[in-house]
Number of protein chains: 2
Amino acid sequence: MKTGAGKTGRPISFDKDAALEAAMLLFWERGFEGTSMADLTQAMGLNPSSIYAAFGDKHALFQLAVKRYLASRAQYAVKALEEPTLEGVIRALFDNTVAFLTTPGHPPTCMTLAGAMGCSVDAAPARDLMTEIRRQNEVAIRERLRRAQKSGEFAKDINADDFTRYLSLMLAGLSIQSANGATKAELRRAAQMALRHMGY
Amino acid sequence: MKTGAGKTGRPISFDKDAALEAAMLLFWERGFEGTSMADLTQAMGLNPSSIYAAFGDKHALFQLAVKRYLASRAQYAVKALEEPTLEGVIRALFDNTVAFLTTPGHPPTCMTLAGAMGCSVDAAPARDLMTEIRRQNEVAIRERLRRAQKSGEFAKDINADDFTRYLSLMLAGLSIQSANGATKAELRRAAQMALRHMGY
DNA sequence: GTACATCTGTAATAAGTGCTACGGAATACA
DNA sequence: TGTATTCCGTAGCACTTATTACAGATGTAC
């Protein structure tokens, strides 16, 4: 009963993209464990069998939702790292994060933090996926810093590893602040304070 | 069938303190939603009826566990605020946090972050409690900063509100870093970097 | 020892969990 | 039109969830 690539037969009658978007938003808000398949059927407007046929089981659906999140919402970090100067990178990292967290239409915090922190052993794979993504983000930052060191833009006697963790720590902190209910202006001032203390 | 304060009759036959400690550690690791009553009966070594008689339902037990957590594990923040000088306060805030996060015998992150971020509507009260505690922590920091401003130790033209959020942001960030798997030495260097950037 | 109050363990409750079997509806291709 | 193939909706699966009813055990107070 494999499906999804039928050459013939009845074609799918719903918007797969829209359904996945709805699933992503729900997972984002309630986390893996806090989102039930019943919740998903309602939010996606689909029957269980349609979901399972199109996306697989709950874990697979979560992975697809996360993938969509990374591709459509979390690109602000990648974009920031593409800034030509290091100062531009760091400024963009903070500015984009604040802009992202305060964009209406989705939860006020990062999906990798709301998705699954403390959870049951059944949900451990989802939690580990979230952790892995956070670490990957750090890898990208670290590589950008190394590049800046090679080009002479960033002092070589500063440990890129440590500075990466320091940056990552503050970006995650902004997300928690946002979850706490901080306003856009408040987040912006916090980010400015961080930048000023770093010398920007 | 109310219980717990029986003047006569059979007395409780288990260590209530030890049972609550076990519950607290499990909630800390798995969060409110990721911890089932079945998990709790096993970890606490009690039957469901004993748990319900002694602590109430799951929400009540969670509240008691959080209370215990705050009283027994999260005092490091309160202690830090009692330092006589502002520099002492801020240094202690970071040092104690790192020490706390890396203490063996409990999860590597803060309970208010692992307890419930994204969750179902049923678990929303637990999530709101976690948020409330995080905000209360900020209130305490802010008041300490105001006190330092009055005594002239802290510049009055700095917005205490903003600086509080900035500090809180970094402490939460350390907790996330710890959850990511950062070592004690790595956390310590990150904290040192933060302190240095602030001028300490 | 007797009466009473409470606890303990088992077993069961109703509702919710993720997931699937199945029959019928709908479409593509000949 | 006929046939193959796929999708859709319902209804149900076995299991887990939090919670409680009940019966017997175990203690205190007299």
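These values consider heavy atoms only, across backbone and side chains, with no hydrogens, waters or symmetry-generated copies. Bear in mind that the values here come from a model prediction, so they are computed numbers and not experimental data. Below, chain A is the first sequence line, B the second, and so on; all start at residue 1.
Within the nucleic acid shown, B/T35 comes within 4.0 Å of sugar-phosphate atoms alone, with no base atom in reach, counting heavy atoms only. Contacts of B/S50 with the nucleic acid, taken as non-hydrogen atoms under 4.0 Å apart, involve only primed sugar atoms and P, OP1 or OP2.
If you take CG of A/L46 and P of D/dG9, they are 8 Å apart, rounded to a whole angstrom. As a whole-Å value, the separation of A/D39 CG from C/dA15 P is 18 Å. Counting to the nearest Å, the P atom of C/dT17 and the CZ atom of A/R30 are 11 Å from each other. Taking atom CD of B/E33 as the reference point, atom C1' of C/dG18 lies 15 Å away to the nearest angstrom. One can place CD1 of B/I12 at 21 Å from P of D/dA25, the figure rounded to the nearest angstrom. Remark: P of D/dA18 and CG of B/L40 are 8 Å apart, rounded to the nearest angstrom. Rounded to an integer number of Å, the gap from A/Y52 OH to C/dA21 P is 12 Å. One atom, CD1 of B/I51, and another, P of C/dT8, lie 11 Å apart when rounded to the nearest Å.
When side chains are defined from C-beta on, B/M44 does not count as touching B/D15, because their heavy atoms never get closer than 4.5 Å.
Within the 3.5 Å criterion, the main-chain N or O of B/L129 finds no donor-acceptor partner in the side chain of B/Q63. The backbone N or O of B/A92 sits nowhere less than 3.5 Å from a side-chain atom of B/K79 that would complete a donor-acceptor pair.
Put simply, A/S13 has a side-chain N or O that comes within less than 4.0 Å of OP1 or OP2 on D/dC8.
Ring-plane geometry between B/W28 and B/H106 is classed as parallel, the angle between the planes falling under 30 degrees on a 0 to 90 degree scale with a further cut at 60.
Residues B/D57 and A/N47 each lie close to DNA chain D; by heavy-atom proximity, the contact nearer the 5' end of the strand is made by A/N47. The residue among B/K58 and B/S49 whose nearest nucleotide of DNA chain D is located toward the 5' end is B/K58. Toward the 5' end of DNA chain C, the nearer of the two residues B/P48 and B/P11, judged by each one's closest nucleotide, is B/P11.
Side chains of A/D128 and A/T131: a donor-acceptor N/O pair is absent below 3.5 angstrom, by distance only.
Judged by atom type and distance alone, B/R10 reaches the base of D/dA25 through a side-chain donor-acceptor pair under 3.5 Å.
When distances run from any side-chain atom of B/M37 to the nucleotides D/dA18, C/dT8, C/dC19, the shortest one goes to D/dA18.
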